[in-house]
S.K.: 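Supplied in structure tokens, the structure appears directly below.
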There are 2 protein chains.
Amino acid sequence: MAFQKERSAGFLANHMARLFANGLQQRIRPLGLAPAQFMALLALWDEDGLTQRELVQRLSVEQATMANTLIRMERDGLIERRSHPEDGRSQSIHLTAKAIALREPATQAARSQNEAALVDLSEDERLVFLDMMRRAIASMQSG
Amino acid sequence: MAFQKERSAGFLANHMARLFANGLQQRIRPLGLAPAQFMALLALWDEDGLTQRELVQRLSVEQATMANTLIRMERDGLIERRSHPEDGRSQSIHLTAKAIALREPATQAARSQNEAALVDLSEDERLVFLDMMRRAIASMQSG
DNA sequence: TATCATTGCATAGCATGCTATTCAACTGTT
DNA sequence: AACAGTTGAATAGCATGCTATGCAATGATA
């Protein structure tokens, strides 16, 4: 029996995630944001002054990935780093006024992209869909 | 109302796709394959001798992305290019014996990864899940 | 206290994916 | 045949993500 990519959850997940990322990128590019920067901002809008390690935990990416994203965010004037008073190894990451001001337009762009993706699903189906994704994530994380 | 990433389809899709890719990578690394190479092989196992343009259409990636993947596949001895008899611009992409031999173990690895991801979903739920992903993909492609 | 392990972060190197650009080969039209 | 437009592919440049290393600061322990 042949392996059919259209019946493969992994293939579909990859394709879907690329479309999400591309769509979000189109919408937030005018704001001067890239998708991974937006993800980091989500965590920082919720709680400013996190350390790199805490961002890594909240976004489930590798430390090296976050380090590079933070370099680009600092370059783009979205964050500044302050030395941590209690631990000379770590820094706390703080939003600039520019980044704070982007909260509403950026989250609105993300909501708009989610809506575009789920437009064909009913309200009930959307809840089921999100739940199934969470369950797949949990299975892959534990396994 | 705050934007909550755990309720965002895009955020979950990104996370899920990364876990799929990482899991597949672990499983096919011993075969000397990378995830994007596996995706290209899926199309070529099904139909050998495709052109780069045809691969682009089947896998829904940009031409430049496929060009780079093919460079790595040629480097790794998975494909060879033959000049197209009817069009001097294009080449047909052919599998090597090495790539042909990888079909069974590689597709088995992918099936295994899909199973690990969906282990918590019933057979009916899996069908619903795949269908919802296809619908989200269709919505984002058309919109 | 001297040593060893752990932890937080930076860096190198690579794969994947994108946009933009370039170039050569093909097509169609005049 | 000559020109313009189209198409197939390569390349440059960048973002995101990963693994593997290295290093300095911290902690724990003999």
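Computed from heavy atoms alone, side chains included, the values below leave out hydrogens, waters and symmetry copies.
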S.K.: Please list all pairs passing the side chain to side chain donor-acceptor pair (under 3.5 Å) test where one or both residues lie in residues 95-109 of chain A, with sequence neighbours left out.
M.R.: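 Matches after skipping sequence neighbours: none remain.
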S.K.: Between Trp45(B) (side chain) and Ala2(A) (backbone), is there a donor-acceptor pair under 3.5 Å?
M.R.: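 No; zero donor-acceptor contacts below 3.5 Å.
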S.K.: List in chain and number order the residues that pass side-chain contact (heavy atoms from CB on, under 4.5 Å) with Glu62(A), two or more places apart in sequence or in another chain; answer none if no residue qualifies.
M.R.: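 Here the qualifying residues are Thr65(A).
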S.K.: Taking for each residue the nucleotide of DNA chain D with the nearest heavy atom, is it Gly88(A) or Met39(A) whose nucleotide lies nearer the 5' end?
M.R.: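 This one resolves to Met39(A).
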S.K.: With a 4.0 angstrom cut-off to heavy atoms of chain B, pull out the first and last contacting nucleotide of DNA chain D, in 5'-to-3' order.
M.R.: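 The footprint of chain B covers dT7(D) to dC18(D).
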S.K.: Quick one: does Glu54(A)'s side chain have a donor or acceptor within less than 3.5 Å of a partner on Thr51(A)'s backbone?
M.R.: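 Between the backbone of Thr51(A) and the side chain of Glu54(A) there is a qualifying donor-acceptor contact (under 3.5 Å).
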S.K.: Any carboxylate oxygen within less than 4.0 angstrom of a Lys/Arg side-chain nitrogen, looking at Arg72(B) and Asp76(B)?
M.R.: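 Salt bridge between Arg72(B) and Asp76(B), a charged N being under 4.0 Å from a carboxylate O: no.
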S.K.: Over all strands shown, is Arg18(B) touching base, sugar-phosphate only, or nothing at heavy-atom distances under 4.0 angstrom?
M.R.: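 Contact class for Arg18(B): sugar-phosphate only.
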S.K.: I want to check something: taking the side chain as every heavy atom from C-beta on, are Arg81(A) and Ser92(A) in contact at a cut-off of under 4.5 Å?
M.R.: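 Arg81(A) does not reach Ser92(A) side chain to side chain.
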S.K.: Mind checking salt bridge (charged side-chain N to carboxylate O under 4.0 Å, His left out) for Glu47(B) and listing every partner two or more places apart, or none if nothing turns up?
M.R.: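 Checked Glu47(B) against salt bridge (charged side-chain N to carboxylate O under 4.0 Å, His left out); matches are Arg58(B).
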S.K.: Using the test side-chain hydrogen bond (donor to acceptor under 3.5 Å, both in side chains), find all partners of Glu115(A) that sit at least two apart in sequence or belong to another chain.
M.R.: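 Counting only residues at least two positions away or on another chain, Glu115(A) forms a side-chain hydrogen bond (donor to acceptor under 3.5 Å, both in side chains) with Arg126(A).
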S.K.: For nucleotides 6-12 of chain C, give me one character per nucleotide, 5' to 3': B if any protein heavy atom sits under 4.0 Å from the base, S if the only such contacts are to the sugar-phosphate, - if neither.
M.R.: -BSBBB-
S.K.: Asn14(A) near the nucleic acid: base, sugar-phosphate alone, or nothing, with a heavy-atom cut-off under 4.0 Å?
M.R.: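 If one applies the 4.0 Å heavy-atom cut-off, Asn14(A) turns out to touch the sugar-phosphate alone, with no base involved.
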